[in-house]
2 protein chains.
Amino acid sequence: MSEQILTEHISSYVNFSKEELSEIARFFNIQSYRKKEKLLHAEKRCDTIFFVAKGCLQLYFIDDLGNPKTTQFAMETWWLTDFLAFQNQRPSNFYVETLEKSTVLSISFSKYQELLEKFPKMEKYYRAILETAYGAALMRIKYIHSLSKEEMFFSFRNSFPEFVQRVPQYVLASFLGLTPEYLSEIKKK
Amino acid sequence: MSEQILTEHISSYVNFSKEELSEIARFFNIQSYRKKEKLLHAEKRCDTIFFVAKGCLQLYFIDDLGNPKTTQFAMETWWLTDFLAFQNQRPSNFYVETLEKSTVLSISFSKYQELLEKFPKMEKYYRAILETAYGAALMRIKYIHSLSKEEMFFSFRNSFPEFVQRVPQYVLASFLGLTPEYLSEIKKK
DNA sequence: TGATTTTCTTAAACCAGCTTAATTTTTATT
DNA sequence: AATAAAAATTAAGCTGGTTTAAGAAAATCA
């Protein structure tokens, strides 16, 4: 059961009873997607947060030349959306799309507010998740500004070897901010 | 009074009584700093979150060549620290330093836990703050991967004109990820 | 299994942005 | 007001990484 991935994850941060957890789970929609399905469309109002129970999602945008650029990946137990657009209920600056067959729990803005109101301890859970996510984003910016593209690749592969196996190389290249051609050249070494 | 900047900011997210707010304020240390004072040292355990009541802070690291590189600024009503290191009570990957004469409220890890336990509504406040911070970080990575250095500068100056006036150009250059020399050349145009 | 599409590789020409180093301007200190 | 220190500018030469274009390999599908 996919909702168990979520309730177990929540339980690792906050204590809830079995009953509370199953009530919490009812706030979410569970849905399975094929590879390359869009869950969120850029320019459309961002009304959903996604939790990956199984599979892998990407948050990406389309650049001036029409090439998709991945800004963030999400694998099992990660949350993903355009948080700024979600918070302000504005049009999304990003697409969200599956990179492989995935099972995703999603919650709308209004359900999210209801959930937090009914279970205030969920604030603690999200606070902790977001502390980690923001902290990691600061580290990521540090890497971007201190490593060469070559170092970026080796350092990323060192930290997340499964990831490098799992996503297509051209998607990884766009995430790391280099061209697929140059990534290919780096790997030759 | 500097603590009022904080309590007013909290009040714009969550409702607290006057009494509660003054009790909350007592969890923080208020301190004034001169320009270029260090509040957090890299490699030392990160045990503090900083709230800027007045002035301006930077989060930065020292690169291979010994040059400081700014990863994040914080002005009035912004929170700043190495959140990943703080959460895990590990050594900091960054320095925190004043860019000008500043008044800062700070809270230690243990006081932060106490505060959240005693005032669970503060979880909501921090959750909201971190949603914004993380969302903004995703947007920042989008800009880094889609704009040229020249576009970076003009887009940043367009969004935060006061900032560009307020911080030294070489600090701004390191934040935007370009050299002071190139920034100078860009400005000539 | 063969045909089609998607992904990855190779290589050469090119350029945005860096390095270096010297000079000028601004800011801080006495 | 004079001196010292920090910050900003200018310009030339250079390089890490991109662009372009074509072919090879791998994955998907009928």
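Lettering follows sequence order; numbering is per chain, from 1.
Residue-level contact check: Leu183(A) touches neither bases nor backbone, having no heavy atom under 4.0 Å from any strand. Residue Lys187(B) is classed as having no contact, given no heavy-atom separation below 4.0 Å to the nucleic acid. Residue Tyr170(B) is in sugar-phosphate contact alone, with no base atom involved, counting any heavy-atom pair closer than 4.0 Å across all strands shown.
The nucleotide whose nearest atom lies closest to any side-chain atom of Glu181(B) is, among dT28(D), dC8(C), dT20(C), dT20(C). Listed nucleotides dT18(D), dT9(D), dT6(C) differ in distance to Lys36(A); the shortest reach to its side chain belongs to dT6(C). Among the nucleotides dT9(D), dT9(C), dG17(C), the one closest to any side-chain atom of Tyr182(B) is dG17(C). Here dT19(D) is the nucleotide among dA7(D), dT10(C), dT19(D) with the atom lying nearest to any side-chain atom of Thr179(A).
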Item to check | Test log, rule ring-ring contact (aromatic ring centres under 6.0 Å, His included), inputs Phe73(A) and Phe175(A) | outcome: CA-CA 8 Å; Phe73(A) 294 120; Phe175(A) 175 76; 4.6 Å; yes

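Atom NZ in Lys35(A) sits roughly 17 Å away from atom P in dT5(C) (whole-Å rounding). Between the CG atom of Leu178(A) and the P atom of dC8(C) there is a distance of 13 Å, given to the nearest Å. The nearest whole Å value for the distance from the CD atom in Glu185(B) to the P atom in dT20(C) is 17 Å. Residue Asn67(A) contributes atom CG, which lies 13 Å from atom P of dT7(C) at whole-angstrom precision. Taking atom CG of Leu172(B) as the reference point, atom C1' of dA6(D) lies 17 Å away to the nearest angstrom. With rounding to whole Å, Met152(B) atom CE is found 14 Å from dA16(C) atom C1'. dA27(D) atom P lies 15 Å from atom CD of Glu100(A), rounded to whole Å. Rounded to an integer number of Å, the gap from NZ of Lys149(A) to P of dT15(D) is 19 Å.
Remark: the backbone N or O of His9(A) is not paired with any side-chain donor or acceptor of Ser11(A) at under 3.5 angstrom. Side chain of Gln113(A) to backbone of Ser110(A): no donor-acceptor contact under 3.5 angstrom is found.
Within the 4.0 Å cut-off from OP1 or OP2 of dC8(C), not a single side-chain nitrogen or oxygen of Lys188(A) is found. Within the 4.0 Å cut-off from OP1 or OP2 of dT9(C), at least one side-chain nitrogen or oxygen of Gln169(A) is found.
In summary, Glu100(B) and Arg166(B) engage in a salt bridge, as defined by a charged side-chain N under 4.0 Å from a carboxylate O.
Between Leu147(B) and Phe154(B), the closest side-chain pair of non-hydrogen atoms is not below 4.5 Å.
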